[in-house]
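Chain identifiers are assigned alphabetically (A, B, ...) following the order of the sequence lines, protein sequences preceding nucleic acid strands; residue numbering begins at 1 within each chain.
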Amino acid sequence: MSEGLESDGLKRDQQALVPVQDHVLPFADAPSIVRAHQKDSYFESVLRDKVQGAVQVLTGQRFIHTHPDEITVAAKALYVGLTTVLGSRTLGEEYTDLMYVTRDGKRIPKLLRRLGFLASYSIIPYVITRILRRLLPVDEGEGASSKKNWFQSLSYSKILDTLLNVHLALFYFNGAYYDLAKRIFGLRYAFGHRVDKEEQLSRGGYELLGGLIFTQIAFKAIKHFSESFQNDRTRKSNTEVSDNITGVPPSVPSNDIDLSNPKLLKFIPDFSRNCMLCLSPMTNPSCAPCGHLFCWNCISDWSRDHPECPLCRQALTEQSILPLR
Amino acid sequence: MATKRLMKEYNSIQKALSDTQEYENIVSLEPTGDLFSWCGVIRGPSNSPFQAGTWKIKIEVPQNYPIAPPKMKFVNKLCHPNVNFQTGEICLDILQNQWTPAWTLLTTMSAILLLLQDPEPTSPLNIDISNLLKSGDIKAYNGLIRFYTHKYAIDSV
């Protein structure tokens with residue numbers, strides 16, 4: 001025990017000395033990474049505009065409208081390919097003085113890792129969304145025919161969303177990997193300079209945001225559970241009902257607005273609730289451009305033959321009548 | 001729609017004719033048989049040459065009323081610039097192209113009464129009486145009307 005304590009103490013001493021002697025750079029904190037990322041995404045969008053301009057000259061406007069996602073992917077790949085893959089820093093990383101290190105923070109990541117990052121950062125998300133888009137309609141069709149339990153009712157995009165949210169929350173807590181691709185390939189940021197304690201404290205952290213995301217996810221999960229539970233129950237009761245009544249279409253409730261009901265469209269005063277064409281309380285009150293109100297059926301019958309308001313003779317076409325709701 | 005509206009009109013006509021003085025020169029206005037054929041009786045306004053006369057008006061209501069105007073005709077003879085002496089046809093714009101559903105049978109009857117006092121000699125159906133009016137011979141105009149009123153419209157109903 002005492003030996004252990006001693007060695008611990010030794011280690012602590014060594015760690016205190018490390019910044020001076022060992023050539024290990026301090027890991028970057030979350031705020032700097034976020035700032036670098038913002039800068040990068042700005043330059044990425046600038047690059048995207050330039051790429052789009054070039055593509056427009058080469059292929060024409062139509063291609064740009066049909067392939068906006070492809071252009072974005074190409075711009076992203078170009079940006080990362082020209083900076084990270086070649087071993088230099090992106091503009092955002094230069095801005096906050098960051099550089100890539102491996103998970104343990106002792107080496108610069110190798111070319112293969114950086115290529116993998118390039119792929120998973122730009123190309124793979126695009127491919128996945130394309131595949132999902134093709135798969136999803138089929139998935140829904142199967143879902144309608146077969147009973148789903150709560151797990152199957154989770155859609156891929158929902159799972160992906162939740163995964164990304166968890167990842168973001170983790171970043172806010174420990175400030176390691178802002179991109180999922182960077183987490184997978186172990187590209188961690190380190191400062192290119194020494195950081196004193198005061199500077200680090202003044203920047204603060206994003207732990208509160210991380211906590212918020214986790215509570216949000218928890219709420220969503222609870223809601224999803226209770227909803228799917230209720231759906232199961234209603235489905236069961238529905239099947240019981242459908243045993244008794246088969247082939248009867250659900251009755252369509254009439255959507256007519258009948259002004260003989262004083263609760264409807266209360267803003268129309270009592271003395272003008274009658275249509276002066278049928279002299280009855282209006283059904284589906286409709287407004288002519290001049291402001292006079294009639295039943296929809298009455299006024300559209302009239303306007304087909306006579307393009308004028310029955311009351312004031314102002315111009316009135318059938319398509320200019322506005323039904324009130 | 002026509003039947004419903006005519007029912008409503010019938011109710012309000014009975015009320016208006018019995019309750020108010022506004023339509024004192026409309027003696028009666030009632031359907032004959034079904035709701036699409038009516039009969040109205042008007043009295044000649046006092047202080048006019050039509051005074052003391054009563055005229056029967058036959059009203060035919062079209063199936064697409066009130067989109068289309070009712071057809072109205074004098075049954076007994078009336079001497080008036082805008083009424084055909086032989087057929088009883090009335091030349092009144094609201095009974096033709098100026099019709100709107102805002103008119104009812106009752107208000108159309110009042111319009112005919114107003115036409116009696118305020119003839120329009122520029123679009124005549126009775127040339128002779130309208131020429132008298134146009135030439136400014138009011139004495140002859142009033143006299144001729146009084147003659148025909150007494151001949152055809154006293155105790156006519």
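- Shown here is B:K134, whose NZ atom has more than 12 heavy atoms of other residues, nucleotides or ligands within 6.0 Å.
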Donor-acceptor list for residues 284-297 of chain A side chains, cut-off 3.5 Å, not counting sequence neighbours:
unit_1	atom_1	unit_2	atom_2	d
A:N284	OD1	A:I257	N	2.9
A:N284	ND2	A:D256	OD1	3.0
A:S286	OG	A:N284	O	3.1

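- Across all their heavy atoms, B:K8 and A:C278 have their closest contact at CG-O, 4.3 Å.
- Pairing each heavy atom of B:W99 with each of A:W302, the nearest pair is O-CH2, 3.4 Å.
- Heavy atoms of A:R304 lying under 4.5 Å from chain B are absent altogether.
- For residues 102-125 of chain B, the interface with chain A (any heavy-atom pair closer than 4.5 Å) comprises B:A102, sorted by residue number.
- When heavy atoms are compared at a cutoff of 4.5 Å, A:D305 approaches chain B solely by way of its side chain, counted from C-beta outward.
- Nearest heavy-atom pair, B:P101 versus A:M276, reported as atom, atom and distance to 0.1 Å: O-CE, 3.3 Å.
- Using a 4.5 Å heavy-atom threshold, the side chains of A:H306 and B:I67 count as touching.
- Put simply, CG on A:L279 and NZ on B:K4 are 9.5 Å apart, with the number rounded to the nearest 0.5 Å.
- With hydrogens and angles ignored, the 3.5 Å screen pairs no side-chain donor or acceptor of A:R313 with any backbone N or O of B:T100.
- To the nearest 0.5 angstrom, A:C275 atom SG is 8.5 Å from B:R5 atom CZ.
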